[in-house]
Amino acid sequence: MNHWPTTVAEAEAVQERLRPLVDLTDPGPPVVGLVAGLDVGYAPDRDEVTGAVVVLDETLRIVDQATSREKTKFPYIPGLFAFRELPPLLTALDRLSVTPDLLICDGYGLAHPRRFGLACHLGVLTGLPTIGVAKTAFVGACDDPAPARGSWTPITLGQDTVGRALRTRDHVKPVYVSQGHRVSLDNACAHVLRTTPAFRLPEPIRLADRLSRSRSQIT
DNA sequence: GCGACAG
DNA sequence: ATCTTGTCGC
């Protein structure tokens, strides 16, 4: 992709055009070998974004990681989040020496005003299975899940279920999981739980967050 | 019309 | 996201 959207109308048009390419039917593999977590870090007073990808094997050991620090190409606009974070993430993915079986993104997938959040967008662009995991939910409505790890409640938008509020730790605020591309909601939640052995967030995302943050701080 | 709004 | 003191809870 050579041209990147500049205006809101242009970016929304891209989302409308790519949305039909999302595959929400393929349940994807219930168990995967290589899981990648992606996140973007920012440094104050700098017009830069630092993307990071960390790949873990089935035992949650790091097998590869890559980053990309570049000039910001789009402002932060709710609903158009992907146009800000996608560029450094795509570059970082290119720099990996392995191909992940699943990408866990920090943000929305289907749970998005136009049903095309970052996870869907990244899935369509890479062709890889993706899921979105957000720390807050402003799109759709859901009840608070039971306090035990593993319990969940549906996130509804209009008449549709667009994701789940999933408890990854006992008595800790849930995360908001939604389908990205080529992964069922059931499998998405299973992957999230399997990769979250200790903290609130899946280990791949936690490590990518740490990496992107440290790389963004380098002078 | 105004504010809120993934990160 | 990031800037930040104190504060609340375990």
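Each chain gets a letter, A, B and so on, in the order the sequences are listed, and its residues count up from 1.
At the heavy-atom level, A:Asp45 lies nowhere under 4.0 Å from the strands shown. Residue contacts shown for A:Gly132 are absent, as no nucleic acid heavy atom lies under 4.0 Å away. At the heavy-atom level, A:Ile77 lies nowhere under 4.0 Å from the strands shown.
At whole-Å resolution of the value, CZ in A:Arg215 and C1' in C:dA1 are 18 Å apart. The distance between atom CG of A:Leu157 and atom P of B:dC5, rounded to the nearest whole Å, is 16 Å. Atom P of nucleotide B:dA6 and atom CG of A:Leu80 are separated by 12 Å, given to the nearest angstrom. Rounded to an integer number of Å, the gap from A:Asp39 CG to B:dG7 P is 9 Å. Spacing between atom CG of A:Leu89 and atom C1' of B:dG7 amounts to 11 Å, rounded to whole angstrom units. Distance, A:Gln15 CD to B:dA6 C1': 12 Å, rounded to whole Å. Rounded to an integer number of Å, the gap from CG of A:Leu118 to P of B:dA6 is 13 Å. Between the CZ atom of A:Phe83 and the P atom of C:dA1 there is a distance of 21 Å, rounded to whole Å.
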B/S/- along nucleotides 3-10 of chain C (protein heavy atoms under 4.0 Å) is S-------
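In this structure, A:Lys135 does not reach the B:dA6 phosphate: none of its side-chain N or O atoms is under 4.0 Å from OP1 or OP2. Contact annotation: A:Tyr42 does not reach the phosphate of B:dG7 (side-chain N/O to OP1 or OP2, under 4.0 Å). Between A:Thr136 and B:dG7 there is a side-chain polar atom (N or O) within less than 4.0 angstrom of OP1 or OP2.
Salt bridge absent: A:Lys73 and A:Asp47 never bring a charged side-chain N and a carboxylate O closer than 4.0 Å. Taking a cutoff of 4.0 Å between a charged side-chain nitrogen and a carboxylate oxygen, A:Arg114 and A:Glu12 qualify as a salt bridge. Look at A:Arg167 and A:Asp144 and you find a salt bridge, because one of the NZ, NE, NH1 or NH2 atoms lies within 4.0 Å of a carboxylate O, short of that distance. In summary, A:Arg213 and A:Asp39 do not engage in a salt bridge, as defined by a charged side-chain N under 4.0 Å from a carboxylate O.
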Report the C-alpha separation of A:Ile205 and A:Val133 in whole Å, then their side-chain angles, then the decisive distance to 0.1 Å, and conclude whether the side-chain contact (heavy atoms from CB on, under 4.5 Å) test is met. CA-CA 9 Å; A:Ile205 286 192; A:Val133 176; 4.0 Å; yes
Stepwise side-chain contact (heavy atoms from CB on, under 4.5 Å) test for A:Asn187 and A:Ser184: CA-CA 5 Å; A:Asn187 280 342; A:Ser184 68; 3.3 Å; yes
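Between B:dA6, B:dG7, C:dT2, one nucleotide has an atom nearer to the side chain of A:Glu85 than all others, and that is B:dG7.
Checked against the 6.0 Å centroid threshold, A:Phe81 and A:His112 do not count as a close aromatic pair.
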